[in-house]
Amino acid sequence: MSVYLDNAATSFPKPDTVYQAVDHALREIGVGPGRGGYRRGLEAGRLIFRAREAVAALIGAGDSERIVFTHSATESLNLAVSGLLRPGEHVITTTMEHNSLARPLHVAEQRGVDVTWLEADGRGCIDSRQVADALRPATRLVALSHCSNVTGTIQPLAEIGAVTRGAGVFLLVDAAQSAGSLPIDVGEMSVDLLAAPGHKGLLGPQGTGFLYVAAGIELTPLMVGGTGGHSSGLDQPTVMPERLESGTLNTPGIAGLLAGIEFIESIGRATIRSAETALVDQLVTGLGTTPGVTLYGPAEPERRGSVVSFTVAGHDPSQIGFHLDRDFGISVRVGLHCAPLAHQTIGTYPAGTVRVSPGWFTTARDIDLFLQALHTIVKR
Ligand SMILES: Cc1ncc(COP(=O)(O)O)c(C=O)c1O
């Protein structure tokens, strides 16, 4: 028996069409886009274009040239932070961030950028008034996650976007835990930069990700180099997306990402969200009757994504994870989940929590098996 409940790390399994798309790109296309004026190169170019259009449609971005393919959400966040911020500028972030955003901001801080770390409440929630109160004349950016990978807390993005738009400040969103299952519309939410991985809720392979960069924002590239076209001079092209995409793209990965997004659109994002919400409800209810359990994150289902963190009095999270895996074949993530500040905020530092994250392929039976196994472990 094997039960996978770590979709917040990487979604697994993938739809069959994702495996097929990666295989097709490797076997039948072979080359990358712009690397040959012959049939295969053109096919790769068309595939990448379709994937860019699919990502743009998914997040409500009008112009797919503003979608930059990267290898991870981490790369996207690094590109946004280091490409935008200059010494003397001010950025507002929160204590709920994953190290993929917190560490680039910490490096920026060491290079002379002022960083305000807004303290979330015990459920991981940030209020848009906290953002408004922290604004300064030098504020250039507000950067935060849409949904916490520790508590599942969904932040009030549209309200925060109204504050940043009103103040003429950019909004960078880490959509690692929301892309694919929560509604995202960069226009409606006033989002200027949005980073997401391809391998979590978008159901694509690892080694894929993207950054949306709103029209009018010019980022300094993280890397310069070959872009396939515009090859005549030494200067990096100024046109998007080539300006920010150097090196051969991960065509097989992007083919898989496109298939993942097509799968999501065929099911419907609202259907995925309500299936995940039902599994989260089942988990929260079951954990509520498990002796010694403390649950973290908001109680309201509409404020919580598909992530549930808990601790059990008298049991180390890592021991629970070890026994779930060894004795029951159940995979969950334990510890700090690359977000130490979030654990300090909710009071679970340094041991962390046990995190359970259902995905589209998780069944109610998987959750039952997990709850039964947990009962057995805590009663031993
Ligand atoms: C909230 C959040 N941001 C960023 C990341 C980093 O994603 P990636 O590993 O694709 O770079 C993760 C991954 O766990 C995450 O949960």
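Atoms within each ligand, like the ligands themselves, are counted from 1 in listed order.
Of the possible polar contacts, one joining the S306 side chain to the P358 backbone as a donor-acceptor pair under 3.5 Å is found.
Residues in residues 149-174 take part in these salt bridge (Lys or Arg N to Asp or Glu O under 4.0 Å) pairs, two or more places apart or across chains: R165-D192. Within the structure, side-chain hydrogen bond (donor to acceptor under 3.5 Å, both in side chains) pairs that include any residue of residues 18-27 comprise D23-R27 (at least two apart or interchain).
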F210 vs F69, test: ring-ring contact (aromatic ring centres under 6.0 Å, His included). Steps then yes/no.
CA-CA 4 Å; F210 67 86; F69 283 119; 7.3 Å; no

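For the salt bridge (Lys or Arg N to Asp or Glu O under 4.0 Å) test, residues two or more places apart in sequence or in another chain that qualify with D121 are R123.
If you run side-chain contact (heavy atoms from CB on, under 4.5 Å) between I320 and each of T353, V332, L374, D325, only L374 comes through.
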Using a cut-off of under 3.5 Å, which N/O atoms of ligand 1 pair up with protein N/O atoms, and what distance separates each pair?
| residue | atom | partner | partner atom | Å |
| --- | --- | --- | --- | --- |
| ligand 1 | 3 (N) | D174 | OD1 | 3.3 |
| ligand 1 | 3 (N) | D174 | OD2 | 2.6 |
| ligand 1 | 10 (O) | A73 | N | 3.4 |
| ligand 1 | 10 (O) | H199 | NE2 | 2.8 |
| ligand 1 | 11 (O) | A73 | N | 3.3 |
| ligand 1 | 11 (O) | T74 | N | 2.9 |
| ligand 1 | 11 (O) | T74 | OG1 | 2.5 |
| ligand 1 | 14 (O) | H98 | NE2 | 3.3 |
| ligand 1 | 14 (O) | K200 | NZ | 2.6 |
| ligand 1 | 16 (O) | Q177 | NE2 | 2.8 |

